[in-house]
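Quick note on labels: first sequence line is chain A, next is B, and so on, each numbered from 1. Keep in mind the model is a prediction, meaning the values are calculated, not measured.
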Amino acid sequence: MRQGIDRRSLMKLGAGAGALAALGVSADALAQAAAKGQLTMAFPADVPTWDPNARSLAAVQSLYKMVFDQPITQNPDITPKPALATKWGYVDDKGLALGLDLRSDVTFHDGSKMTAEDFKYSFFDRPRLPTPEGGRKLDTAFIWRRVKDIEIVSPTRVVMHFSEPMPSAVAWLYFLTSYVVPKAYLEKVGVAEFEKKPIGSGPYKLVEYQQGARIVLEANDAYWGGKPAIPRVTVELVRDPTARTAAIESKRVDVSVDVPIREAARLATVPGLTSMIEPISDITLLQITKNGGFADERVRLAAHHAINKEALSKAFFNGAAKPISVPAAHNTPGYPEDYSFAFSEDKAMALLKEVGHGPQNPIAIKFSSPNGAFPGDFDVARAIVQMWKKVGIAAELETIELSTYQERLRANTLPEATLFSWGNAAGDPEMYGGYLLDPKSIFSAMKSDDLGQKFQPLLVETDEKKRLEGYRAAHRFAAEKGYTIPLYQTVKTVVSQANVAIVKYDNGLVLPQTFSFKA
Amino acid sequence: MSRIALLLLFRRTLLAIPILLCVSALVFVILRLLPADPVAMSLPPGASAADMEKLRQAFGLDRPLPVQYVIWLGKLATGDLGVSIYFRRSVAELIATALPATLELVAVGLALGVALGVAGGLAMFAWRGRAGEQALDLGAAGLMAIPEFLWAILLILLFGVAWPVMPFIGRLSPDIALPAPLTGFLLLDSLARLRLDVFASALAHLALPAVALAIGVAPLVMRVLRSSLLDVIQEDYVTQARLRGIPERTVVVRHALRNAALPTISLIGVQAGFMFGGTVLVEMIFAYPGLGNLMVDAVRNHDLPVIQAVGLVYCVLVLGINAAVDVLYLAVNPRLRTPA
């Protein structure tokens, strides 16, 4: 038998490899696509449904905002700005009637005009439609339950009437699920067909959707805000962070979202790539209970004083995770910028000494953390365990699935502390402390009457100045009483090719309609 | 197909019913015993504890476990796999969309793994006692030592980043529109529609995930085939063939290989079953929209109806492969065609 490779075999092999390479993507394919105005983005999550009113999932709002519009939107610094509504304001002194003027030049992707009827349908009629058997209500049904009517004053003027004050209503109009859908089209085709061929009034039209794989969008020429600079966007749904990193590094995509922080820092040094590693309005905190060793306020406060948040930020987030003293992001209305909760091991040890504990005689607590659900979660938790050990808190760390967290939260059986990340793209304080600390909220772990006294009046406070001041004070109160251990603002990473100009949003939204190709 | 083969398939089908019932009951009970609440996971701000209870009732999660199981089984018998809690779509529809992609991936991965394994096994046999055999053996050990998902990442880094010649995201290039599905099998659909650009792109996108899966199969096939050939080559009929002056290559291919193939076919059947398990992570890494990716989403969101149904589909696929292996056995081994 003849062995080894002769010249002919080698040529055959070469031709085979060439053919294989030809099947692949050439290195300059991206540049060619960019020249045609096509942008490809690797994104970590898919929409559960193309009905934007159905589910309140923060991770996919960027996708919905490409196809659908909200009454109000946000500037990059997350302050509100007009969108479908040009003006808004309460028209009574009890906070029960919110008037909105709507644009007259908005059309849906099928060419039909957006009017006040569509607004009423989206925020009043639709949430109240009967639920099919075995089905579930739209999330807008929970969120807008206090709307008792929407009065259509004219095709461009509506008044939302509330059964009780809903001071966060304006913020909700630019938050989760608050998208205007076309009434006529939805009623004509039904929900199932709408989910297959969704129509909005947003900057892009959906032209192709492969569930779990990719979304192809084309610019809406008739967009009221002007046609987006990038005519065609392909969103590749890539769940694995390593693959998202490889995709941007190999120039197969123009933009990659939620790249692991260390990789994003490394890619920043790669010629032709730009990395954005920034804190956003989402926060990471320890959800605290009064169970076990945390029954005593002094132990909870000691646990808070013992955590060096700056060190966590430097160790795990390239220094980008901005430490917070209250459960809100800096520069949002509920953050008391004049207040700081000190990192002090001495204070922590002094407080623990008062209750008879110290490094030699540590107090035992249970601590849970997801592993991989949020950036760096379990690593951060392990570091906190070491910080606590130093002052006299022996924490037994266990991994917790998010579904288990929710089950325990509901049953009030969470351990003393659980690491958790909380999303709030709107930045309104009600969506921070109002949900996280009000003992009546299904999201609060700490059930304490004095927190209820602080937060519940704010949920119906119609004087905006008093409301915001109230939240700042209540957030501070919660930190001072050891009812929460806020850690830092969550970090968002976006890596892009250098020829793509990206607009950074402080709430972490990644909106291709605001991107452009650099000349 | 012979009468014996049909009988065998009939027996297999009958046997599959209790197996499927056991698997479905097991999956159902385990999922419900987990301390996780799919309803609590999916409620928006503004929902109250009462809303949570109502939703639990709507999904039937408030009923006793046996009642829930019987209801689910009753619906299953009519082809109703329920509605996904997360996607709000029919589970059957979700599976019908994802399944062809996975079957296509496994088929290509398995074909590649078997081809490489058989070629390697024959090469090892041909080079027995020489350095070539040892090198292949060492290579096989190295391939087996690394799990599929790690191969997936290594292949991406190698052929996607370091030497960027192969695509590794999804099923098609971004500049190619997905043709309207006929069967859902992209390779078949593209050929049927004479879209060679789609075919080439789909094949290229299949290459790396299929190789990642094939690497798990090829070394085992290679080693088992080599061992079987070494056993068979000692048999009298092989010696007889050699004495008749038949060339060595013909002796191996026509006489020895056919008998040596039997244990290899069994192994391939087992490995094909494992391969479906391997697709879960491989599909996620390559952003490949198949059953594995659907399963990952369902597990993350504790989407009980989808997890149950996908689990059951995996079970059906493994049982189907077992039946196919039995039929293949019959085709290859004439002794089995004679009733005992």
Structural part of [X] lying under 4.5 Å from a heavy atom of chain A:
X        : value
B/Ala152 : neither
B/Ile285 : both
B/Asp197 : neither

For chain B, find which of [options] contributes the most heavy-atom pairs closer than 4.5 angstrom.
options                                : result
A/Arg146, A/Arg214, A/Arg244           : A/Arg214
A/Glu236, A/Arg232, A/Glu249           : A/Glu236
A/Glu401, A/Lys440, A/Met431, A/Gln211 : A/Gln211
A/Ala246, A/Pro241, A/Ala373, A/Ala54  : A/Ala246

Student check: side-chain heavy atoms of [X] and [Y] closer than 4.5 Å:
X        : Y        : result
B/Arg88  : A/Val191 : yes
B/Ile169 : A/Thr40  : no
B/Arg89  : A/Pro48  : no

Check: Roughly how far, to the nearest 0.5 Å, is the OG1 atom of A/Thr242 from the CG atom of B/Leu157?
Finding: 8.0 Å
Note to self: Checking an interface table here. Which of residues 90-98 of chain B come within a heavy-atom distance under 4.5 Å of chain A?
What the structure shows: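 Counting heavy atoms that sit under 4.5 Å from chain A, the residues of residues 90-98 of chain B involved are B/Glu93, B/Leu94.
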Checklist line | Closest heavy-atom pair and its distance - A/Gln210, B/Leu178 | finding: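 For A/Gln210 and B/Leu178, the tightest heavy-atom pair comes out as CG-CD2, 3.4 Å.
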